[in-house]
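Notes follow once the structure below has been shown.
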Amino acid sequence: MINLSGVGKTYDDGTVAVHELDLEIGRGELVVLVGPSGCGKSTTLKMINRLIEPTTGRIEIDGVDVTRQDPVQLRRGIGYVIQQVGLFPHQKVVRNVMTVPLLYGESKPTARKRALELMELVGLDPATYADRYPHQLSGGQRQRVGVARALAANPPVLLMDEPFGAVDPVVRTRLQDEFLRLQRDLGKTVVLVTHDIDEAVRMGDRVAIFAVGGRLAQYGTPAQLLAHPADDFVADFVGSTKGLRRLTVTQIDPSHLEPLDGVATGDLAGAIDVDATLEEALAALLREDKNVIGVKQGATFLGVLTPNGIHRALRESLKTR
Ligand SMILES: Nc1ncnc2c1ncn2[C@@H]1O[C@H](COP(=O)(O)OP(=O)(O)OP(=O)(O)O)[C@@H](O)[C@H]1O
């Protein structure tokens, strides 16, 4: 879908922001670019929609070189969400979201209808929020308006630069979850920039870790990066809590379950679905202050998971990936 080959950017003052970058992003994939400050993540993102022109290399979307496309045309197919959202302060929320459909020649009633649908989609009740001004919203709500506006032209590609950066950690986690749910329905191809490795691991189908100097240190699934960091830099960056992070990306394996026989009902912390992650299983055990949790697939009870089982599953996932 999106293909970067040998892409480099050297700014006029000689700063090498991105160096010989090869990156392939599949259709419908959510790829996160992560790394320390100044390592070229935003520059990479802006080269995809031609806000910045590369010095070397080639960027293709669906096999078409972006530099051969009219930038305005190109950006119609690419939604862009930035941290400070950039809403028009003197326009009501609904009007802010209508901007893009109006730009593309939709009639006012059609644009308004679409804007209200999009507000609903991103979890902002139109009846409450449509006629507010941006300053009458919380940071998280403003961010949702930004996402709604980026989706307004129904672009196949979405570029997001620190989209959840400006909100507190609790709201941030909620927005991340909401966006993941939305993404499951919409199936956009998303490239998301963050400096937060936890966000990268939570959100990314694949994660590209950048090192200073615009060098790609490693590209892989969160599980691969956590289990097999390519070098010391990546190992350091994913950090000492990588065992914990693995909980969030490792799914329950039915072969680690034990039979229910012999477990006293009082010891059981309810049941979770087999599609859950080890983190969800552990969280449920801690929440209920129990040491056994049931695992089911639909209505079928598969067995139980204990802290030992979780530990074993973690150890094995480290070996196999
Ligand atoms: N217009 C410019 N002229 C010169 N250097 C620039 C320009 N824009 C960015 N840079 C430099 O290019 C490098 C990469 O910048 P970029 O914004 O892509 O990094 P980033 O990884 O997105 O950083 P952050 O996480 O801090 O936003 C940095 O060293 C930055 O100072």
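Ligands are counted one by one from 1 in listed order, and the atoms in each one are counted from 1 as well.
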Does this structure show an ion pair linking D161 with K41, if we count only N-O contacts that are shorter than 4.0 Å?
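K41 and D161: not salt-bridged.
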Considering only NZ, NE, NH1 and NH2 on the basic side and carboxylate oxygens on the acidic side, decide whether R206 and E24 come within less than 4.0 Å.
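Yes.
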Of the non-hydrogen atoms in E258 and R312, which two are nearest, and what is the gap between them?
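So the minimum-distance heavy-atom pair works out to OE2-NH2, 4.4 Å.
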Measure the shortest side-chain to side-chain distance between Y133 and Q91 over non-hydrogen atoms and say whether it is less than 4.5 angstrom.
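With C-beta onward as the side chain, the pair stays apart.
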Look at atom 31 (O) of ligand 1 and say whether a protein heavy atom is found at less than 4.0 angstrom from it.
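When distances to the protein are checked, atom 31 (O) of ligand 1 has no heavy atom within 4.0 Å.
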Does the protein come close to atom 11 (C) of ligand 1 - that is, does one of its heavy atoms sit below 4.0 Å from that atom?
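Given the 4.0 Å cut-off, atom 11 (C) of ligand 1 counts as touching protein heavy atoms.
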Would you please determine whether G40 falls within less than 4.0 Å of ligand 1 on a heavy-atom basis?
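The answer is yes: ligand 1 sits under 4.0 Å from a heavy atom of G40.
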Hey, does [X] come in under 3.5 Å of ligand 1, counting only N/O atoms on both sides?
X	value
C39	yes
E162	no
T44	no

Protein contact to [atom] [nearest heavy atom, distance to 0.1 Å]:
atom	result
atom 25 (O) of ligand 1	K41 NZ, 2.8 Å
atom 6 (C) of ligand 1	Y11 CD1, 3.2 Å
atom 15 (O) of ligand 1	T43 OG1, 3.7 Å

Judged on heavy-atom distance to atom 29 (O) of ligand 1, which of S37, G38, G214, S42 sits nearest?
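Closest candidate by heavy-atom distance is G38.
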Using the rule that Ile, Leu, Val, Met, Phe, Trp and Tyr join whenever any side-chain heavy atoms are under 4.5 Å apart, tell me whether V212 and V34 fall into a single cluster.
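Different clusters: V212 never reaches V34 through Ile, Leu, Val, Met, Phe, Trp or Tyr contacts under 4.5 Å.
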ILVMFWY cluster, M47 and L51 together (side-chain gap under 4.5 Å):
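In one cluster with M47: L51, yes.
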So, is the end of the R149 side chain (NZ or CZ) under 6.0 Å from the ring centre of F88 and within 45° of the ring's axis?
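R149 over F88 ring: yes.
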Could you list which atoms of ligand 1 come closer than 4.0 Å to a heavy atom of T15?
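Answer, ordered by atom number: 5 (N), 11 (C), 12 (O), 29 (O).
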Just jot down the ligand 1 atoms closer than 4.0 angstrom to any heavy atom of A17, in number order.
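Near A17, meaning under 4.0 Å from one of its heavy atoms, ligand 1 has 12 (O), 13 (C), 14 (C).
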Could you tell me if T67 and D65 have a donor-acceptor pair between their side chains, going purely by distance under 3.5 Å?
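Indeed, the side chains of D65 and T67 share at least one donor-acceptor pair under 3.5 Å.
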